[in-house]
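We count ligands from 1, going down the list as the structure has it; atoms in each ligand are counted the same way.
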Amino acid sequence: MPSVLVSTEAGVMTLTLNRPDKLNAFVGEMHGLLREAMSVAESDAAIRALLLTGAGRGFCAGQDLSERNLNDPKLDLGAGLDAHYNPFVRRLRALPKPVVCAVNGIAAGAGANIALSCDLVLAARSASFLQAFAKIALVPDCGGTYWLPRLAGTARAMGMALLADRVSAEDAERWGLIWKCVDDDKLMDEARKLAHSLAAGPTHTYGTIKKAIYASATNTLDQQLDLEREFQREVGRHTDYREGVAAFLEKRKPDFTGR
Ligand code: LHQ
């Protein structure tokens, strides 16, 4: 079985991390499979939403710790980030389509921060988030030091990173780390429903909304108001805007094409 399962249905590409015996800890092969899938998601206009999840009882336990040779004098953990993890995080953020993450179980280390890189994160009530890094004397990566203070504030970011304790899905929702915590038996249904509803939406506009929201992290209000004006001007020229308004006026459901 491949270590990442890829399937596409009705505009939704689902990526399932698939090493359930090891809580889907990352090995080299997975990066290659994710790279290929991301290229398809980026280039195929028929794919209008991405859903990321894990097989079995875990979402992802981060880097597979047995894969690194600790006695290698040339050991360079930064190289793995440069080659694999960081490009994946960047591509998830930059994908001009919504990315839903269904955190089905523990999300630890890089696994936690990859989940937090997604646009809408749902988590099963029994799932948890663990900034495991400090336990093995590493710093949070995959954007952890960026997401945590921005989403949850410095105090909670510091607590999560220094103490490396599990944060329950309920706390993660309460702290604003994720969109929603849902009952375990409802997680995949809800996540699929959400991804399919997004895949039927105004895809180009969703991509533009992502850009605007993420740009606000470093923009002033003035810059953001200017950006909104430019983006509104641009999306206002698209077919989906005309369809949205026509559907509203005709009291019917819009039939968005994503363009
Ligand atoms: C694992 C792992 C794992 C291998 C569970 N590796 N086998 C680092 C370096 C390089 C560059 C890039 O960036 C990174 C980023 C990182 O991700 S560093 C952080 C790596 N992750 C961790 O430190 C988490 C390690 N795992 C755990 O602390 C626990 O497994 C958690 C808390 C996630 C789950 O605990 P349990 O529910 O008690 O499960 P378990 O520990 O029994 O794990 C089940 C199996 O999965 C077990 O294998 P086994 O053959 O004994 O049944 C674990 O060894 C294996 N596993 N995580 N990261």
Side-chain angles (χ1 to χ4, degrees), residues 1-5 15-35 38 52-93 101-118 121 123-149 151-152 156-172 175 177-178 181 184 187:
M1 277 286 251
S3 52
V4 178
L5 305 176
L15 306 179
T16 306
L17 306 176
N18 188 38
R19 294 183 70 223
D21 294 350
K22 301 293 176 189
L23 304 179
N24 306 316
F26 270 102
V27 286
E29 179 191 75
M30 293 164 80
H31 294 295
L33 294 169
L34 288 172
R35 238 189 328 269
M38 288 304 290
L52 177 65
T53 191
R57 74 175 175 93
F59 170 70
C60 175
Q63 168 63 38
D64 188 308
L65 295 173
S66 65
E67 221 192 22
R68 297 279 180 270
N69 174 5
L70 300 178
N71 299 318
D72 177 356
K74 292 207 188 105
L75 180 67
D76 176 3
L77 299 184
L81 292 175
D82 261 347
H84 305 303
Y85 289 95
N86 289 352
F88 183 45
V89 168
R90 290 192 175 103
R91 290 174 92 174
L92 288 171
R93 294 296 270 202
C101 185
V103 180
N104 52 299
I106 180 100
N113 294 333
I114 284 170
L116 299 182
S117 311
C118 298
V121 187
R125 206 165 295 284
S126 70
S128 53
F129 295 81
L130 172 61
Q131 296 293 320
F133 306 89
K135 287 217 167 103
I136 52 169
L138 291 182
V139 297
D141 58 22
C142 293
T145 59
Y146 184 92
W147 319 130
L148 299 178
L151 295 170
R156 282 174 170 151
M158 217 42 112
M160 285 185 268
L162 292 179
L163 306 178
D165 287 333
R166 288 182 196 226
V167 172
S168 68
E170 283 175 4
D171 280 346
W175 294 0
L177 280 174
I178 65 167
C181 164
D184 288 24
L187 176 72

(message) How far is atom 6 (N) of ligand 1 from the closest protein heavy atom, and which atom is that?
(response) Leu65 N, 2.8 Å
(message) Under a 4.0 angstrom heavy-atom cut-off, which atoms of ligand 1 come close to Leu77?
(response) 10 (C), 11 (C)
(request) Start with the C-alpha distance between Leu34 and His84, add both sets of side-chain angles, then the distance that settles side chain to side chain contact (heavy atoms under 4.5 Å, CB included), and finish with yes or no. (result) CA-CA 9 Å; Leu34 288 172; His84 305 303; over 6 Å; no
(message) To check your reading of the model: name the closest protein heavy atom to atom 39 (O) of ligand 1, its residue, and the distance in Å.
(response) Arg57 NH2, 3.0 Å
(request) With rounding to the nearest 0.5 Å, note down the distance linking CG in Asn86 to CZ in Arg91. (result) 13.0 Å
(request) Using a 4.5 Å cut-off on heavy atoms from C-beta on, say whether the side chain of Leu75 contacts that of Asn69. (result) no
(message) Quick one, Phe133 and Asn113 - any side-chain contact, counting heavy atoms below 4.5 Å?
(response) yes
(message) Could you identify the single nearest non-hydrogen protein atom to atom 38 (O) of ligand 1 and state the distance to 0.1 Å?
(response) Arg166 NH2, 4.5 Å
(message) Is atom 9 (C) of ligand 1 near the protein, in the sense that some protein heavy atom lies at less than 4.0 Å from it?
(response) yes
(request) Could you check whether the rings of His31 and Phe26 sit parallel, tilted or perpendicular, using 30° and 60° as the cut-offs? (result) parallel
(request) Run through Asn24, Leu17, Asn18 and flag the one making a side chain to side chain contact (heavy atoms under 4.5 Å, CB included) with Val4. (result) Leu17
(message) In the structure I gave you, are the side-chain heavy atoms of Arg125 and Leu187 within less than 4.5 Å of one another anywhere?
(response) no
(request) Write out the residue and atom name of the closest protein heavy atom to atom 24 (C) of ligand 1, then the distance separating them to 0.1 Å. (result) Ala61 O, 3.6 Å
(message) For ligand 1 and Ala108, I'd like to know whether there is a polar contact (N/O to N/O, distance under 3.5 Å).
(response) no
(message) Checking a contact table here: which protein heavy atom is nearest atom 56 (N) of ligand 1, and how many Å away?
(response) Lys22 O, 4.0 Å
(request) Please confirm whether His84 comes under 4.0 Å of ligand 1, counting heavy atoms of the residue only. (result) no
(request) Below 4.0 angstrom from a heavy atom of Asp64, which ligand 1 atoms are there? Numbered from 1 as shown, please. (result) 4 (C), 6 (N)
(message) For ligand 1 and Asp141, I'd like to know whether there is a polar contact (N/O to N/O, distance under 3.5 Å).
(response) yes
(message) In the structure I gave you, are the side-chain heavy atoms of Val103 and Ile178 within less than 4.5 Å of one another anywhere?
(response) no
(message) Closer than 4.0 Å to some heavy atom of Leu81 - which atoms of ligand 1 meet that?
(response) 12 (C), 13 (O)
(request) Grab the two heavy atoms, one from Ala107 and one from Ala112, that are nearest each other, plus how far apart they are. (result) O-CB, 3.3 Å
(request) Please check if a non-hydrogen protein atom sits closer than 4.0 Å to atom 50 (O) of ligand 1. (result) yes
(request) State the atoms of ligand 1, each with its element, that fall below the 4.0 Å cut-off from a heavy-atom position in Tyr85. (result) 12 (C)
(message) Does the protein place a non-hydrogen atom closer than 4.0 angstrom to atom 27 (C) of ligand 1?
(response) no
(request) Among all protein heavy atoms, pick the one closest to atom 58 (N) of ligand 1 and tell me residue, atom and distance. (result) Gln63 O, 2.8 Å
(request) Specify the protein heavy atom at minimum distance from atom 45 (C) of ligand 1: its residue, its atom name, and the distance to 0.1 Å. (result) Asp21 O, 3.3 Å
(message) I'd like to check which ligand 1 atoms, numbered from 1 as shown, lie under 4.0 Å from a non-hydrogen atom of Ala110.
(response) 15 (C), 16 (C), 17 (O)
(request) For atom 30 (O) of ligand 1, find the nearest protein heavy atom and state the residue, atom name and distance (0.1 Å precision). (result) Leu23 CD1, 3.9 Å
(message) Any heavy-atom pair between the side chains of Leu177 and Trp147 that's under 4.5 Å?
(response) no
(request) Would you indicate whether the side-chain heavy atoms of Ile114 and Cys60 approach each other to under 4.5 Å? (result) no
(request) Identify, by atom number and element, the atoms of ligand 1 in contact range of Phe133, meaning under 4.0 Å from any of its heavy atoms. (result) 15 (C), 16 (C), 18 (S)
(request) Under 4.0 Å from a heavy atom of Leu130: give me the atoms of ligand 1 that qualify, with their elements. (result) 32 (C)
(message) With side chain to side chain contact (heavy atoms under 4.5 Å, CB included) as the criterion, how do Thr145 and Val139 come out once you've worked through the C-alpha distance, each side chain's angles and the decisive distance to 0.1 Å?
(response) CA-CA 8 Å; Thr145 59; Val139 297; 5.6 Å; no
(request) Determine whether Arg166 and Ile106 make a side-chain contact, defined as any pair of heavy atoms from C-beta on separated by less than 4.5 Å. (result) yes
(message) Yes or no, since that's all I need: does a protein heavy atom fall within a distance strictly under 4.0 Å of atom 54 (O) of ligand 1?
(response) no
(request) Enumerate the atoms of ligand 1 whose separation from the nearest heavy atom of Ala132 is less than 4.0 angstrom. (result) 22 (C), 23 (O), 24 (C)
(request) Please check if a non-hydrogen protein atom sits closer than 4.0 Å to atom 32 (C) of ligand 1. (result) yes
(message) Counting C-beta onward and ignoring hydrogens, is there a side-chain heavy-atom pair between Met30 and Asp64 closer than 4.5 Å?
(response) no
